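Single-structure report; data block below.
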2 protein chains.
Amino acid sequence: MTITDVAKAAGVSVATVSKVVNGRYGVAPATYERVMSVVTELGYETSLVASSLRRRRTNVIGVLVTDFEPYSAELLKGVGAAAHGTGYELLAYAGWTTEGPAVGWEKRSLSRLAGTLIDGAILVTPTVLMPDTSVPVVAIDPHTGRGGPSTIDADNIGGARAATDYLVSIGHRRIAHLLGRVDLESSHLREAGYRASLEAAGIGFDPGLVREGDYRRSTGHDSTLVLLTGPEPPTAIFAANDLSALGALDAAHELGVDVPGQLSVVGFDDIPDASSVSPRLTTVAQPLHEMGAQALQMLVGQLNGDDSGRLHHHLRSTLVVRETTAPPAR
Amino acid sequence: MTITDVAKAAGVSVATVSKVVNGRYGVAPATYERVMSVVTELGYETSLVASSLRRRRTNVIGVLVTDFEPYSAELLKGVGAAAHGTGYELLAYAGWTTEGPAVGWEKRSLSRLAGTLIDGAILVTPTVLMPDTSVPVVAIDPHTGRGGPSTIDADNIGGARAATDYLVSIGHRRIAHLLGRVDLESSHLREAGYRASLEAAGIGFDPGLVREGDYRRSTGHDSTLVLLTGPEPPTAIFAANDLSALGALDAAHELGVDVPGQLSVVGFDDIPDASSVSPRLTTVAQPLHEMGAQALQMLVGQLNGDDSGRLHHHLRSTLVVRETTAPPAR
DNA sequence: CTGTTAGCGCTTTCAA
DNA sequence: TTGAAAGCGCTAACAG
């Protein structure tokens, strides 16, 4: 079902059909009617691909993610809600298909889509700096806070500080940390918050208590297994995100370690699963919906030419105490 | 940054670059190296749009949704998880931008994307029957169970029956129902389950207790307001989905009606919000992740030519009793 | 082994 | 008011 089929059926040229479909001037009313009736009868819709190749704008905004996991799904809801009434449609693209290295996926995705399919992009957790992009871009939880595109993130260092402070306040001294993805700024900031808290409490930093977490459930699981079976296991774990915290919970369960009786666990993000697992996860909440919504608003602003320059929005993060934290067993 | 730029920089023809990039035979090693070095230096990636226009396959599967709301986001996670390792990339498209009628949105989206951008599509809650599609299609929670494409859904009638049976079992007699989207089969089935339960319990059907819910929070809210301020308010509400159930909770809260003390509420779907609101929502859980995963597997099967014909998978739904249900006040 | 050419579906000048 | 033709970026058939 192409424009050529419609043109043939209506007995006019392809160009005329294009004009009718796009509401251009210079078409006789009778012709307009005839073409339109054929269009509705055949159910023709202009191909996004073909028209985007020729045209400048598509009115489609791309949300580029590595994967559709809980974190990006939450952001997506926020982006989606904010997109209503803006006249833009949304296209979410998961561009990392296990082949090749994850680092740089957003460059590939953006190159493949920008300039043609999408008018602008929201990059979720991009891993590299992209100085020159062909379309407006807003990054959520980016590699680095400055120099690149406009960014949105939550208070990573403050959130991590609050989480660790809380663990200290209820009596923990041996507090482990599961690192995030080392290619993301958020990961370093959360570690920094963790360290700052220990230092403020006068607790010496023990490198043996810091392990990779990678923001992934399986990695969190594996590292926790190592931690708990070591000579001097921690009494609490602060994981750089909820997914790896859930992995820690998995490992504790596997070893028969009671949470929070023998081990406290704190995550970061507050994805939906955090409040539905049992026991419910204590975590640092980021306003994910709002972050998505603000990203969309910033991008639409840029697309509409509100030249407000590079923006960097920092949203608040708040500790949510649930059921995976308790004073250490003595 | 187009293929022409690369060709120019490498001093070869566009066709040669294409061959190198796509790993075709018939390129001298020296040429290959030179072109490749230019490609990496310039960071060139082939445009998905342009290549899809010319080529047959794109290795991209489209997930077509009206909107990124909790229900479709959960499905998306399941689809995403199942897509790993299949060699397909995922593209989720939200095609309904408030302009024009919602009914038929999937036809428009599919026409715009199919044949060029995507090799196959997963349609989430499609509203019309689509007899002839240009690409393989799997529908989740479709308009109608038979005759169209392959489908996935959960036990709607059994779930609704279980929900209403439970309300009856704890003593409710005046049980209202918030309808779903009338263009979806699931909505009718859930109403049928509700009615069957009433009949089995010997409770007369009262049309005044059935109101529109539309699967939306705001509609659920409005209808509940009407219900609760009427002459003979219900003691329980079975909403056709969680979103409208949350709307009912909003309304009850607004009127100072205690849930579950003065009003019981049951939803359907078990979206993440159901277990994180307060009080936590009693609901009928659908295995959303699994539904998404199965949809992807079915579609990949079709794309790979496993001609197993039209499939119709029915998954189980289970009542999850939480905190919004209690015996009626006397 | 390399380049020329045609064409995917569409929009947009520009002539007729 | 209409249509012919060029071209968006790319791939594939075919010459050279």
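From a predicted model like this one, the values you see are computed outputs, not experimental measurements. Chain identifiers are assigned alphabetically (A, B, ...) following the order of the sequence lines, protein sequences preceding nucleic acid strands; residue numbering begins at 1 within each chain.
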(message) With heavy atoms of chain A within less than 4.0 Å as the criterion, where does contact along DNA chain D begin and end?
(response) D:dT1 to D:dG9

(message) Main chain of B:N59, side chain of B:D119: is a donor-acceptor contact present, judged purely on distance under 3.5 Å?
(response) yes

(request) Apply side-chain hydrogen bond (donor to acceptor under 3.5 Å, both in side chains) to B:R54 and list each qualifying residue two or more places apart in sequence or on a separate chain. (result) none

(request) Using distance alone, with no hydrogens and no angle criterion, decide if B:T66 and B:Y71 have a side-chain donor and acceptor under 3.5 Å apart. (result) no

(request) Before accepting this row, confirm whether a basic side-chain N of the pair B:E89/A:R108 lies closer than 4.0 Å to the acidic partner's carboxylate O. (result) yes

(request) Pull out every residue in residues 25-37 of chain A that has a heavy atom closer than 4.0 Å to any atom of DNA chain D, ordered by number, or say none. (result) A:G26, A:V27, A:A28, A:T31

Got a list of side-chain donor-acceptor pairs under 3.5 Å for residues 293-302 of chain B, not counting sequence neighbours?
from	atom 1	to	atom 2	distance (Å)
B:Q294	OE1	B:H313	ND1	2.6
B:Q294	NE2	B:E290	OE2	3.3
B:Q302	NE2	B:S150	OG	3.2

(message) Checking A:T125 against A:D141: is there a side-chain donor and acceptor pair closer than 3.5 Å?
(response) no

(message) Under a 3.5 Å cutoff, is there a donor and acceptor pairing between the side chains of A:D67 and B:H84?
(response) yes

(message) Tell me if a side-chain donor or acceptor on B:S111 pairs with a main-chain N or O of B:K107 at a distance below 3.5 Å.
(response) yes

(request) With sequence neighbours excluded, give me every side-chain hydrogen bond (donor to acceptor under 3.5 Å, both in side chains) pair touching residues 18-32 of chain B. (result) B:S18-B:N22, B:N22-B:R55

(message) Can you see whether A:E106 engages A:S109 through a side-chain donor-acceptor pair at a distance of less than 3.5 angstrom?
(response) no

Could you list, one pair per line, each protein nitrogen or oxygen that sits under 3.5 Å from a nitrogen or oxygen of nucleotides 8-11 of chain C, together with the distance?
from	atom 1	to	atom 2	distance (Å)
C:dG9	N2	A:A50	O	3.2
C:dC10	OP1	A:Y44	OH	2.6
C:dC10	OP1	A:S47	N	3.4
C:dC10	OP2	A:I3	N	2.3
C:dT11	OP1	A:N22	OD1	3.4
C:dT11	OP1	A:N22	ND2	3.1
C:dT11	OP2	A:S18	OG	2.9
C:dT11	OP2	A:N22	ND2	3.4
C:dT11	O2	A:R54	NE	3.0
C:dT11	O2	A:R54	NH2	3.1

